[in-house]
Visitor: 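Quick one: the structure is below, and I'll ask about it shortly.
Keep in mind the model is a prediction, meaning the values are calculated, not measured. Throughout, a chain's letter reflects where its sequence line sits, starting with A, and its residues are numbered from 1.
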Protein chains: 2
Amino acid sequence: MKPDKLSPLYKKVTDDLRAQIEKGMYRKGELLPSENDLCKTYNTTRVTVRQALSGLTNLGYITRRHGKGSIVTEPKAGLGILSLSGVTAGVGSQNLSTSILQKQMKQDWPLDFFFPLNEGELKHDCIYFTRLRRINDIPVLYEETYLSNINLPGFISRELENLSLFKILRESYNIEVKEGEQKIWAILGDKNISELLNIKKSHPILHMKRKLKTNIQDLNIYSSLYCNTEEHFLQDYF
Amino acid sequence: MKPDKLSPLYKKVTDDLRAQIEKGMYRKGELLPSENDLCKTYNTTRVTVRQALSGLTNLGYITRRHGKGSIVTEPKAGLGILSLSGVTAGVGSQNLSTSILQKQMKQDWPLDFFFPLNEGELKHDCIYFTRLRRINDIPVLYEETYLSNINLPGFISRELENLSLFKILRESYNIEVKEGEQKIWAILGDKNISELLNIKKSHPILHMKRKLKTNIQDLNIYSSLYCNTEEHFLQDYF
DNA sequence: AAAAACAACTTGTATATACAAGATGAAGCC
DNA sequence: GGCTTCATCTTGTATATACAAGTTGTTTTT
């Protein structure tokens, strides 16, 4: 099968399988079609199919077993990025709500920004918004996000309420988050944060600053997070 | 070039290049030899060389640029696992010291262990030890580690003082850490932890529990960490 | 019935080759 | 000098093929 002009064939296989897994066509623990089956489906060869499966492995959608097959697994929380989990049985998405406190707005980069910015980033202004995540209506995580305003037409007016930022970037702007770094502290909340999270001032808070790089030059996503970990915790898989 | 019996050729290339990077033969920002050069060196083909370079990319030792080459980068702190960093200019290894509080000992798994254990793990006993890491002689991170006692001859009597656990496992036992999960809380230290880290009881502490899987069935590494993030923070790259 | 051998599947490793496409510096042109 | 073109380096994508080795269920042997 010939790849279309825009994207290579192995990526189409990756995207197809990922979409199918996310749609629930393969459940956790099930096997994907064998490499040879996929070769027939996409009319290609094992090297290409294996390149796609290798990508899915890195993303955490599958684990592979010699002689057995590709086993569908719980996808990683996106590249080792810490995500919110419940202490008990996990936070069902029905219990988790997100509200925008500050809708996306264009502004200059703050002068005292918490990560060093390069020239390319400083040439553009930044998009800023804040969100508050609640579990069972109790505020748990407050998040301030900044990203370079590069090639993001219409982003300002999008609804971020209950959609993943990463999913929007991937599906609407063809932007993939590649890698990043995060720094974590345990702090005592100041008045502002404590009020937002509705906790006493002496209560410990988990504070995190992170930078996520994308496949677009100078387009990075920065966020500063504050999490009340009394009832829940941050978790990641890698 | 034929691979030797034990390990495949692509792995030898990976290990060679990794060792050379770690020895400083290639500095950050420099280019590795081109794929075709490596083909000649190891008398193999690009598919195999690319498999090796892809591994180094995943480990964070290099980033690849189309048309340019393989650029040596700061290695990730191992698979997105949080590691200790300084707020100022980074913690030089000369300032970081590790002391063993409880030397490696065999014992049964604790009954109230903080991760669920499978049957295979419960068949073996576990190796337990604790370490305290200091930066400029100030205690910063206390760590309790548990791992299954499987195929680890002589591990009990090894010196862990200033060597990386992962490096010992890789070089002496051919064990690679593959993936894992970690959970993070901000807490107030109890009497015990506060004394170990030499801080006031009301001071927030970063608490982390993590599980690291290896390429050996049923051999997982568990640890429980407590970190004073007043002067330093935990950081990871992914 | 239990054990061994086998067949048929799976993924893992490897060779050989081809062309596309990004990066870079040199040669030639205006 | 400043510009384009070109050659040559690099990595990216892809085909076709082969055998090794792990997994599983069936068949044969004992």
Visitor: Give the rounded distance in Å between these two atoms: CG of B:L9 and P of C:dT13.
Guide: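 Result: 11 Å.
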
Visitor: Specify the separation, in whole Å, of atom NE2 of B:H66 and atom C1' of C:dT24.
Guide: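 To the nearest whole Å, that distance equals 14 Å.
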
Visitor: Among side-chain atoms of A:E121 and A:Y146, is any donor-acceptor pair under 3.5 angstrom?
Guide: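 Their side chains do not contain a donor-acceptor pair, so the 3.5 Å distance test is not met.
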
Visitor: Find which nucleotide of DNA chain C each of B:T48 and A:S34 is nearest to by heavy atoms, and output the residue with the more 5' nucleotide.
Guide: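 Taking each residue's closest nucleotide, the earlier one in sequence belongs to A:S34.
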
Visitor: Starting the side chain at C-beta, find the nucleotide from C:dG12, C:dT15, D:dT13 nearest to B:R50.
Guide: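 The nucleotide sitting nearest to the side chain is D:dT13.
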
Visitor: Assign A:R65 to base, sugar-phosphate, or nothing according to its heavy-atom contacts below 4.0 angstrom with the strands shown.
Guide: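 A:R65: backbone/sugar contact only, no base atoms under 4.0 Å.
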
Visitor: Provide, to the nearest angstrom, the distance between the CD atom belonging to A:E35 and the P atom belonging to C:dA8.
Guide: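 My rounded result for the distance is 20 Å.
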
Visitor: Atom CG of A:L56 to atom C1' of C:dT11: distance rounded to whole Å?
Guide: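 For the pair A:L56 CG and C:dT11 C1', the rounded distance is 15 Å.
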
Visitor: Counting side-chain heavy atoms from C-beta on, which of D:dT10, D:dT11, D:dT15 comes nearest to B:R46?
Guide: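 Between D:dT10, D:dT11, D:dT15, the one nearest the side chain of B:R46 would be D:dT11.
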
Visitor: Could you tell me whether the side chains of A:Y61 and A:E22 share a donor-acceptor contact shorter than 3.5 Å?
Guide: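 The criterion, which ignores hydrogens and geometry beyond distance, is satisfied for A:E22 and A:Y61.
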
Visitor: I'd like to know whether NZ of A:K106 has more than 12 heavy-atom contacts from other residues, nucleotides or ligands below 6.0 angstrom.
Guide: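 No - once you tally the heavy atoms of other residues, nucleotides and ligands closer than 6.0 Å, there are 12 at most.
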
Visitor: Between B:R64 and D:dG12, is there a side-chain N or O to OP1/OP2 distance below 4.0 Å?
Guide: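 For D:dG12, OP1/OP2 do have a side-chain N/O of B:R64 under 4.0 Å.
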
